[in-house]
Amino acid sequence: MVADALSRREPAVAAPRRRISLRGAVRRARLVLALSILALVVGSALLAPWIAPFDPNAMDLGNALQPPSAEHWFGTDQLGRDVFSRAIVGGQLSLLIAAAVVALAGTSGTLLGIVAGYRGGWIDGIIMRVADIQYALPPVILAMVMVGAIGPSTTNIVAVITLANWARFARVIRAEALSLRHRDFVLLARLAGASHLRIVLVHILPNVRNTLLVLLTLDLGLIIILEATLSFLGLGIQPPDPSWGTMIADGRGYLERAWWTSILPGCVLMLTVLAANLLGDSLRAGNGSEEAR
Amino acid sequence: MTAIPADTLADTDAFIRISGLTKTYHVRPRFLARPRPLAAVAGVSFAVEEGGTFGLVGESGSGKSTIAKMLIGAETQSAGDIRIADRRFGPRLSAEDDAWRRRTLQPVLQDPTSALNPRLRVASIVAEPMRVQGTQPDNAAYERRVLELLEKVGLTAAHANRRPSELSGGQRQRVAIARALALEPRVLVLDEPVSALDVSIQAQVLNLLKDLQAELKLTYLLISHDLAVVAYMSSRIGVLYLGQFMEIGDKADVIARPAHPYTQTLIAASEPENAASLDLVKGEIPSPLAPPPGCPFHPRCGQAVARCRTDKPLLRPIGPNHHVACHLAGQIAG
C-alpha cells in the first residue's frame, strides 16, 4: 500500500521539474534562433560587397519584374535590379543606422536617466519634463519637420531617430537609479566619503547594466522599424541607395504583378525585428532568474 | 522640551554624549494639505561610556533609527547636541570633523542584503571605505587588510571572491561588520544588526560582536526592537516611546526592576510563556503626527490615572543612574 502510494505520488514531484526543463529548452532554442537570424543578417550586411551577387544599383530594364529564380533569388524590381542584392546592401545601411542610434540614444538616455534618478530635485524635474515633451511628439512628424528643415541624410536620420528614442532609456534607467539611490549600500558608500562619480560608476551603473542590455536589444527592433518607416515615406535614405523601407515603398505599385519586390524585403525586415525582440525577451527572462537566485 | 535631566553618567566617562536631541520632519498628512510637524525624536539625552554598550529599545516608529541616522551623519538634528569625544556635531560641520566621524563611527545596518552591492565581490565591499579614504599604500596591502578583517569576523579568504548572493544571511552580516571595522572605528552604531537573521544565527552574530568589542575596545550603540537582544548586549538601556525616553538606566535596574509600565509590558511580552498573548499592550503606537496629550503612553497603559491624560511626566531619578518618565513610578509594583 505504502509503496503504491509512493509510486503514485512520484509523477507529481517529477512533473514540474520536467516542465521547467522543457521551458528552459524552449528558451534556449529561442535564444539560438534569435542569435542565428541576427548573425545571418548582420553577417551578410557586413560582407555585402563580397556576397551580393549583383550590383544593387545596376539597372537592366529588359529584365524588369522577374519572379524569384535560381539567378535572382528574390526576383528583380521594376528597373531590373536584383532584389536580393538590394536587400543585403539595404540591410547594411539600416543596421548601421540602428547601431548608431542605439549607441547614441542608449548613452545619452542612460546618462540623463542616471543624473535624473540619482540627483533628483529640479534637475530630475527638467529632464523628465523634456522627456515627456519628447513622448508627446510623434517621431514621424518630428522627422518630417527636421528633414524638411535640414534635408535628408544619413546623419540627420540618425539624429532624428536618436531624438525620438532617448527618452525611453532615460525613463527606465531613472526609475532604476531612483530605487538604487535608496539602497543601503549607496548610503554606506556616501558615509564612507565616496564621491558621486564613484557611487555612480561602482554602485549604480553595474546594477542597471542588465536592464540596459534588455532595453537596447528591444529598442533595436523599434529603431529598425522607425528607420524603415521614414525611408518608406521618403524622409530617410534617398534613392537610388537601397534600404528596406524604400524597397517596400518602391514595390508598392507592382504588388499585384510582382509581390516579391515589396514582400521579400518586408520579410527580411520582419525577421530581423523579430530576432531582436526574441533576443531581448531571452535576456529579460535570464535576468529574472538571476534576480530570483 | 526643557528640564530634561541629563544622563547622570559622570562627564569623564562619557564617550558619546547626546542631549536634547530632536528631529522634526514636516509631512503632509494628505495630498496638498498643510505640512505638519512630526517629531520623530523629541528631546532625547543619554551618554555612552567608552567601551560600553548602550541599548536603545522601542517599537517601530519610536525614533530609534532616526537617532542612529543623526549619529552617523545621514540626517541632521533639528535641535540638540551630539558630542563624541568632546567634538560637537551639529548641522554645519568642518570637513575635518566630518572625516574624523567617518573614521571613528561606523554603522552596521539591519538588512545586509541591501547594505552589500550585489555586483561587487566581498573583497571590494570590505575594501571600499579604505579605498575611498586611501588608507593603504598599494593593492597588496589592501588585500592583506581585507583578509585580516574577514578573519576577524570569522570568514576566510575563500569568501573574498564571492558575491553577496553566494553567501548566507549570517555571512553577509559578517561581511557588513568586517567592512564597518575597516577604518578601525572606535564606535559601531548597530541598527537592528540581527533582526533580519534567523534566530539560530542571531546568537552567533551577537557573540561575534561581543568578542570584537572586547578585542578592539569598541563602544556600541545598539538599536533593537527585541528586548532580549538589548538585554544580552547592553550595559545601559534606554526605552524609547514616540521619540522620548520612558525609562533609562543600567541594564540590571531596567531589566530586573522596570519602573515604567511600558518597560514592564515589553519585558512581559518577551518572556516565552507570554509570547502567545497579544493583549499585553492595547492597540498600536499612536501616530507621532497627533501625539496624545499628557503621557504619550497613557492610551495604552493599564495603570493610567486621570493625571496621565493631562500632565506629561518628565524623566525623574528613582535610583542611581535610573530615570523614569512616569507619574506612578515607585508606587506601582515593578
Structural part of B:Leu120 lying under 4.5 Å from a heavy atom of chain A: side chain

Region of B:Arg101 that comes under 4.5 Å of a non-hydrogen atom in chain A: neither

For the student: nearest non-hydrogen atoms of A:Ala192 and B:Gln133, plus distance: O-NE2, 2.7 Å

Heavy-atom pair of closest approach, residues B:Pro107 and A:Leu191: CG-CD1, 3.9 Å

CZ (B:Arg88) with more than 12 external heavy atoms under 6.0 Å: no

Exceeds 12 heavy-atom contacts within 6.0 angstrom, atom CG of B:Asp138: yes

Heavy-atom contacts under 4.5 Å, residues 194-207 of chain A to chain B: A:Ala194, A:Arg198, A:Val202, A:His203, A:Pro206, A:Asn207

B:Glu128 and A:Leu188: CA distance, side-chain angles, deciding distance, side chain to side chain contact (heavy atoms under 4.5 Å, CB included) verdict: CA-CA 10 Å; B:Glu128 182 176 47; A:Leu188 287 172; 5.8 Å; no

Interface residues of residues 108-116 of chain B facing chain A - heavy atom cut-off under 4.5 Å: B:Leu109, B:Asp111, B:Thr113, B:Ser114, B:Ala115, B:Leu116

Residues in residues 182-199 of chain B that sit under 4.5 Å from chain A, counting heavy atoms only: none

All ring pair (Phe, Tyr, Trp, His ring centres under 6.0 Å) counterparts of B:His225, not counting sequence neighbours: none

Validation row: A:Leu187, B:Lys69 side chains within 4.5 angstrom (heavy atoms): no

